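For reference, the structure discussed in these notes is given below.
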Amino acid sequence: MVHRGRSVRYLKLYLNFVKNCFRRETIYRFNFFVNMFTVVMGYASHILFYYFVYDTGIEQISGWDRYQIYCLLATVWIVDSIFGGVFFFNLIKIPSKVKNYELDGLLTKPVNSVFMLSLRQFNFGLFSGTFFGAAFLIYSLWRGNIRVSAFGILCYLILVMCAVILLFSILFIMVTFSLRFVRIQGLIGMYWTFMDIGKNPHSIYPMALKYGLVFIIPAIVVYNFPVQVLVGNHYLRYLNSVSTLILAIAITAVFLTGSVFYFRKSLRYYYD
Amino acid sequence: MISVNRLCKTYKVRQQTSSKNILKSLFQSEYRYVKAVQDISFEIEQGEMAGLIGLNGAGKTTTLKMMAGLIHPSEGTVTVNGFIPHELKKEFLKKIGLVMGNKSQLWWDISAYDSFELEGQIYGLTLKQIKEKIVDLADLLDVKELLGIPVRKLSLGERMKMELILVLLHEPSVLFLDEPTIGLDIISQKKLRDFVKRYNYEKKSTTIITSHNMKDVEELCKRIIVIDHGTVIYDGLIEDLKKYSKESDFEEIVAKLLQGTQGQ
Amino acid sequence: MRIQKAAFKLKLSEFTIYRSNVFLNFFFGCVPLLVYIFLWKAIYGNGLERIGGYSYKQMITYYVLIFLCSEVLDARDNTVKMSEMIQGGQIHNYLLKPVGFLSLNYRLYQAEKMIYLLNIGIPFLAFCLAIHKFIYWKAYNLLFFVISFCLAFVLKYMIGCILGLITTWVEEITGLLDLLNNVEKFLSGSLIPLTLLPSGLNMALSFFPFKYTLFVPVDIYMGNMKSQDMGISIGIQAVWCIVLGLVLIILKNEAFKKYSGYGS
């Protein structure tokens with residue numbers, strides 16, 4: 001009972017954050033549309049890349065046909081948008097907050113500090129990409145004649161959630177790391193560089209690299225796993241989905257606990 | 001010599017329309033005219049140090065910028081050493097220097113010395129001349145040890161001294177100081193004032209100072225020009241002002257003077 | 001020339017501070033190139049000998065060169081600095097210098113880029129050597145590439161300045177810059193060689209300056225063009241330089257006029 005009361009309280013708190021951010025966003029309407037358009041252009045050019053590549057007459061790229069690739073791109077769009085809207089701007093502000101001792105105020109409040117730190121800001125401009133991505137996904141599934149089962153959709157949604165939490169955990173680790181060691185800009189650049197590797201079909205990479213991209217820097221887990229259960233042309237797709245799901249959840253759990261643990265430990269170090 | 005004759009400046013300001021109708025406000029704008037300076041005249045002799053005083057928005061900085069040539073006057077004329085400032089002739093620019101207390105000219109990440117070298121080259125000095133000048137000025141301002149340190153690591157007072165060196169490298173015969181002591185502690189303020197005084201005495205440079213810090217003006221200038229609502233309300237010696245006033249504190253006197261016009 | 005030397009020295013001091021950042025950025029910039037090696041291998045795996053006129057080797061080399069060029073030619077920092085200067089009012093300091101604003105700015109820009117190129121040169125060559133299996137080498141084209149590259153350099157600088165000066169009229173510019181950056185990425189050929197595009201679209205792109213800032217020099221190096229077309233491309237680049245140069249000068253004069261008219 002106590003537990004439920006707590007989650008309701010946090011949910012209410014979060015809705016309050018979102019409301020405040022919405023208020024702010026309405027003041028800078030013009031900015032909002034420019035930002036949204038900018039992000040759309042970014043994804044559009046990625047899609048156009050494959051559009052023109054397939055137009056040169058090739059059939060497939062290491063087993064992926066045109067619409068399967070489109071589904072991958074749509075998934076990238078969805079995952080990035082949710083992560084960008086919900087977490088990104090919160091995370092990159094953490095170092096300055098810690099250094100300016102703004103954290104002190106947060107730590108004295110009777111609310112989970114990681115919650116406050118990572119969910120305060122909600123960015124509508126970036127989050128809106130989720131809908132564009134979803135629309136593009138539906139279009140690609142339809143045009144590509146790709147059949148999906150209810151189970152497949154469920155797996156997909158869970159894997160997208162894992163992906164967002166993974167992205168959060170990894171950036172959270174890097175941000176925490178930067179508190180003690182390096183300047184933040186370099187690290188964020190590094191983060192995107194490695195995550196971008198996972199935005200391509202995983203089958204183009206040699207086996208050893210692929211293992212690295214699953215277990216060490218899980219970029220493939222983030223972007224490729226969800227699509228894999230949706231459009232993967234494996235026989236035994238069902239069995240494959242279950243194993244993918246279990247693997248993804250396990251990796252996500254490890255990274256999430258690791259990141260929160262590391263943050264709390266560094267914080268203690270910082271304050272001692 | 002500076003001579004300002006019936007100087008006026010009117011700004012056209014876009015009015016903020018209410019946000020009810022965004023589309024309309026995007027394409028249409030309403031303007032209103034603000035008279036920043038109205039009919040100001042005065043003359044300043046070579047080697048003189050004069051203070052421009054006034055409340056925020058009184059028109060001091062606008063007047064100063066017109067004298068430096070940054071702003072085109074709407075009406076009236078300015079001549080500085082025989083030049084018309086806003087023509088921005090090279091010979092004119094080589095004779096003036098402008099220090100703005102809140103706008104740094106130094107390169108943030110590198111040492112002040114590096115900034116000075118480029119600056120000196122811009123004014124056509126040789127490397128040898130530049131070096132001599134820097135050593136000279138740094139000695140006077142007591143910042144010789146700080147020349148090699150990145151500017152961002154300097155304190156505000158130290159940075160201001162560097163700003164002064166930068167502007168004085170080419171030995172301007174007319175110096176404009178806009179709020180030179182803003183944000184400085186009292187010791188730094190004092191050192192800066194002493195330096196400006198000494199420089200003026202040695203080089204006979206014409207110096208015009210705007211400041212909200214009455215101490216600056218009182219210590220440095222014999223003469224003040226008080227501006228309010230874009231017009232000159234007092235132009236004369238500080239001494240005279242003190243003589244005719246009941247107050248003994250200079251700041252009080254000026255405050256009375258300005259309050260008098262506010263009440264009208 | 002002396003100012004150029006001083007600018008070079010100043011930028012060198014600045015560079016030494018950020019050196020580790022620069023190298024780090026460079027190395028991480030190489031990672032996507034390695035990804036391209038795998039991706040295009042899979043694409044060429046369909047059995048096509050040439051795609052968009054490029055062989056597999058040429059395709060990889062295309063991206064390597066695009067990476068180098070876009071790093072060296074990137075003018076975003078200059079644009080942002082310029083717009084900050086305009087908004088913060090520091091531009092006043094430049095107006096009062098006996099050297100033109102743009103000529104000083106260009107010298108500093110050129111110095112910065114030269115230092116970057118000199119420093120990145122050896123790591124870049126080492127990287128090329130490491131992946132030499134995928135590098136297409138043709139010394140004959142190098143000369144034309146260099147000419148075209150220099151024109152692209154000037155072109156890119158001018159576009160950056162024009163955007164920076166626009167701040168005089170449009171207050172918020174970074175949003176616009178990001179938008180343009182994303183559009184430019186595609187139109188300039190940094191995502192995909194423009195020869196893969198349908199010829200109609202490719203033709204249409206010739207009416208924008210973007211492709212001449214990146215794609216044209218790199219495509220010239222690939223040597224698939226007839227020498228006559230190469231001449232035409234370089235000619236168009238030169239024409240764009242003249243046109244944008246004129247636009248820039250007009251814009252600068254208008255901006256400064258607005259400054260002296262309105263002040264800040």
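Residue numbers begin at 1 in each chain, while the letters A, B, ... track the order of the sequences. Please read all numbers here as calculations on a predicted model, not as lab measurements.
- For the set A:Val34, A:Val53, A:Leu209, A:Val39, the count of heavy-atom pairs under 4.5 angstrom toward chain C peaks at A:Val53.
- Of the atoms belonging to A:Tyr51, not a single heavy atom falls under 4.5 Å from chain C.
- Looking at C:Leu201, only its side chain comes within 4.5 Å of chain A, counting heavy atoms on both sides.
- Neither the backbone nor the side chain of A:Tyr43 comes within less than 4.5 Å of any heavy atom of chain C.
- One finds the CG atom of C:Leu194 at 9.5 Å from the CZ atom of A:Phe52 (value rounded to the nearest 0.5 Å).
- Taking the six-membered ring where tryptophan is involved, the planes of A:Phe49 and C:Tyr36 are tilted, since the angle between them lies from 30° to 60°.
- To the nearest 0.5 Å, the span separating NE2 on A:His46 from NZ on C:Lys185 amounts to 10.5 Å.
- Dense packing is recorded around CZ of C:Phe23, with more than 12 heavy atoms of other residues, nucleotides or ligands lying under 6.0 Å away.
- If you measure heavy-atom distances from A:Asp196 to chain C, you find no contacts under 4.5 Å at all.
- For the residue pair A:Met41 and C:Asn182, the shortest heavy atom distance occurs at CB-CB, 4.1 Å.
- Across C:Leu197, C:Ile37, C:Leu34, the residue that shares the most heavy-atom pairs under 4.5 angstrom with chain A is C:Leu197.
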May I have the step-by-step check of side chain to side chain contact (heavy atoms under 4.5 Å, CB included) for C:Val35 and A:Tyr205, ending in yes or no? CA-CA 8 Å; C:Val35 172; A:Tyr205 299 116; 3.4 Å; yes
Output, in order, the C-alpha distance, side-chain angles, deciding distance and verdict of side chain to side chain contact (heavy atoms under 4.5 Å, CB included) for C:Phe28 and A:Phe194. CA-CA 9 Å; C:Phe28 285 122; A:Phe194 285 122; 3.9 Å; yes
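- Proximity of C:Asn46 to A:Gln60: side-chain heavy atoms (C-beta onward) are separated by under 4.5 Å at one or more points.
- Most heavy-atom pairs under 4.5 Å with chain A: of the set C:Leu176, C:Asp178, C:Val31, C:Leu179, this distinction falls to C:Leu179.
- C:Ile51 CD1 to A:Ile58 CD1: the interatomic distance, rounded to the nearest 0.5 Å, is 6.0 Å.
- Remark: C:Ile43 CD1 to A:Thr56 OG1 distance equals 7.5 Å, nearest 0.5 Å.
- When the shell of 6.0 Å around CD1 of C:Ile122 is examined, it contains 12 or fewer heavy atoms from other residues, nucleotides or ligands.
- Residues A:Pro206 and C:Phe38 have side chains in contact (heavy-atom distance under 4.5 Å, counting atoms from C-beta outward).
- The structure places OG1 of A:Thr38 at 9.5 Å from CG of C:Asn181, a figure rounded to the nearest 0.5 Å.
- Within a 6.0 Å radius of CZ in A:Phe32, other residues, nucleotides and ligands contribute more than 12 heavy atoms.
- Within 6.0 Å of CZ on A:Arg120 lie no more than 12 heavy atoms contributed by other residues, nucleotides or ligands.
- For the atom pair CG of C:Leu39 and CD1 of A:Ile197, the computed distance is 12.5 Å after rounding to the nearest 0.5 Å.
- Atom NZ of C:Lys81 has more than 12 neighbouring heavy atoms from other residues, nucleotides or ligands inside a 6.0 Å radius.
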